[in-house]
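Structure, as structure tokens:
We use all heavy atoms of the structure for the numbers below, so side chains are in, but hydrogens, waters and symmetry mates are not. Just so you know, residue 1 is the first one in the sequence shown, and it goes up from there.
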Amino acid sequence: MTAAVAPEKPELPGSPGTSKKNGAAGAASLRSVARNYVDRVRGGELGALPAVLGLIVLCVFFAALRPVFLSELNFANLLTQGAGSIAIAMGLVFVLLLGEIDLSAGYASGVCAAVLAILLTDNGWPWYGAAGAAILTGTVIGLLLGVLVAKVGIPSFVVTLAAFLGFQGIVLMLLKEGTNISIRDQTILAVANNNLSPALGWVLLAVSVGAYAAVQLRKNRNRRQRGLATAPLTLLAFRIGGMAVLGAIAVHLLNQERSRNVIVDSLKGVPIVVPVIAVLLVAGTFLLQRTSFGLHIYAVGGNAEAARRAGINVSAIRISAFVICSSLAAVGGIIAASRGNSVDPNTGGSNVLLLAVGAAVIGGTSLFGGRGRVVDAVLGGMVVAVIQNGMGLMGYSSGVKYAVTGSVLLVAAGVDALSRRRAVQR
């Protein structure tokens with residue numbers, strides 16, 4: 001599946017690039033930044049633009065037809081509904097960047113969730129020990145898949161398809177052919193069911209905005225010191241201010257009382273799963289865009305043979321990508337077990353893989369390798385969650401939801417193929 005295409009530079013949309021303008025370094029103008037971005041889009045580098053536009057259109061569409069879509073309760077449901085698939089999709093991004101595929105990620109999350117439930121309920125392990133064992137199980141699964149692909153040379157499609165079938169059997173064996181194991185540990189249950197206090201939500205927002213501002217300003221300073229073109233301060237202020245405003249609106253809405261009966265139970269605050277996903281997003285983004293490992297991922301995905309000749313250990317990179325993918329699948333399994341309050345043979349099955357792969361591809365990660373970011377999984381995951389949630393509010397059946405989600409995935413893959421072809425032609 002790997003195509004001989006240069007890897008995408010890990011730059012955010014609208015960044016000034018790494019070239020000097022007319023031989024002189026300095027802050028680019030907003031007009032030149034906009035012109036560069038438009039040229040990149042025309043050249044086929046769409047990035048997450050289709051996902052962002054699609055998310056806006058879908059939200060407006062469902063809000064117009066079902067005003068309850070914009071309610072605080074439904075907004076919180078959206079964030080928790082897609083969290084498990086988003087975690088799995090983040091791991092799939094690393095594999096897709098190499099032009100590979102992991103069809104077993106869904107059931108791998110089910111195996112890890114079963115390990116978690118058995119250790120918690122049947123063996124009485126503390127939550128941190130059981131969660132650690134579940135993630136370690138995912139790491140071992142990824143190591144096995146990676147070795148079979150990178151060292152033995154079996155195509156990833158075949159290896160992970162076999163694992164997809166095998167892990168279904170392992171889940172059934174672990175759960176004794178269909179036993180449902182309830183999760184009673186309050187810490188694990190809190191991950192997808194509880195909320196931060198309203199005050200802590202504001203603190204989290206302030207820390208996030210401050211950290212983002214520090215990263216952006218430091219990046220600009222480093223580029224200036226190296227004599228490279230820098231983003232104008234107006235653009236930086238727009239990015240930071242936009243994040244602060246959108247975050248403040250989200251926190252304000254989530255801090256409203258969502259319970260229908262406050263006397264019985266109060267329900268307000270940012271869902272705990274949101275900072276969990278945020279931590280994974282920051283860690284994955286740092287790994288891909290700020291480390292040599294991330295550069296090697298893009299290089300191998302763009303052209304494996306050129307990367308090998310450049311001295312990159314291609315086999316180690318491929319194995320590492322599968323390890324990361326299955327480890328994050330384990331995290332997705334923990335979130336799913338928390339949200340469902342139990343683990344059964346369907347955990348990780350059904351449409352989990354479809355939604356996870358759809359989230360990564362719809363968000364902008366290329367199926368051909370070398371192009372994509374971890375944030376694509378979050379954007380694509382929100383698109384999928386909005387489709388599932390909005391159509392549910394409109395009363396459509398599961399069959400219609402699957403058909404629409406599959407169509408959106410097909411359109412996203414088509415856009416990716418056409419944009420890549422246009423980029424090669426230029």
Heavy-atom closest contact ([X] atom, [Y] atom, distance):
X: Pro345; Y: Leu175; answer: N-CD1, 3.5 Å
X: Ala113; Y: Thr347; answer: CB-CG2, 3.9 Å
X: Ala377; Y: Val93; answer: CB-CG2, 4.1 Å
X: Ala117; Y: Val343; answer: CB-CG2, 3.7 Å
X: Val374; Y: Phe94; answer: CG2-CE1, 4.1 Å
X: Ala360; Y: Leu96; answer: CB-CD1, 3.8 Å

Could you tell me if Asn195 and Arg258 have a donor-acceptor pair between their side chains, going purely by distance under 3.5 Å? yes
Side chain of [X], backbone of [Y]: donor and acceptor closer than 3.5 Å?
X: Thr139; Y: Ile135; value: yes
X: Asn123; Y: Trp125; value: no
X: Asn255; Y: His252; value: no
X: Thr285; Y: Val282; value: no

Between [atom1] of [X] and [atom2] of [Y], what distance do you get to the nearest 0.5 Å?
X: Arg290; Y: Leu295; atom1: CZ; atom2: CG; result: 10.0 Å
X: Leu92; Y: Leu353; atom1: CG; atom2: CG; result: 7.0 Å
X: Leu393; Y: Asn77; atom1: CG; atom2: CG; result: 9.0 Å
X: Gln289; Y: Ile297; atom1: CD; atom2: CD1; result: 13.0 Å
X: Asn389; Y: Phe75; atom1: CG; atom2: CZ; result: 11.5 Å
X: Leu189; Y: Ser342; atom1: CG; atom2: OG; result: 9.5 Å

Can you tell if the side chain of [X] reaches within under 4.5 Å of the side chain of [Y], non-hydrogen atoms only?
X: Met382; Y: Leu79; value: yes
X: Leu145; Y: Ser326; value: yes
X: Glu72; Y: Glu257; value: no
X: Ser338; Y: Asn193; value: yes
X: Val171; Y: Gln168; value: no
X: Leu267; Y: Leu73; value: yes
X: Leu288; Y: Tyr298; value: yes
X: Leu196; Y: Leu254; value: no

With under 30° as parallel and over 60° as perpendicular, where do the rings of Phe69 and Phe62 fit, or are they tilted in between? tilted
Output, in order, the C-alpha distance, side-chain angles, deciding distance and verdict of side-chain contact (heavy atoms from CB on, under 4.5 Å) for Ile319 and Lys151. CA-CA 9 Å; Ile319 293 173; Lys151 294 295 187 181; 4.3 Å; yes
Evaluate Arg184 against Thr121 for side-chain contact (heavy atoms from CB on, under 4.5 Å), listing each step before the verdict. CA-CA 7 Å; Arg184 299 185 181 89; Thr121 304; 3.4 Å; yes
Would one find more than 12 heavy atoms of other residues, nucleotides or ligands at under 6.0 Å from atom CZ of Phe293? yes
Take atom CH2 in Trp202; do more than 12 heavy atoms of anything else shown fall under 6.0 Å from it? yes
side-chain contact (heavy atoms from CB on, under 4.5 Å) partner of Ile170, the single match among Val115, Ile141, Val111: Val111
Test applied, side-chain contact (heavy atoms from CB on, under 4.5 Å); reference residue, Met90; option that passes from Val375, Leu281, Ile324, Val331: Leu281
Step-by-step side-chain contact (heavy atoms from CB on, under 4.5 Å) determination, Thr160 to Phe322: CA-CA 10 Å; Thr160 58; Phe322 278 97; 4.2 Å; yes
Is there a side-chain contact (heavy atoms from CB on, under 4.5 Å) between Ile183 and Leu120 once you walk through the steps? CA-CA 7 Å; Ile183 304 289; Leu120 281 176; 4.3 Å; yes
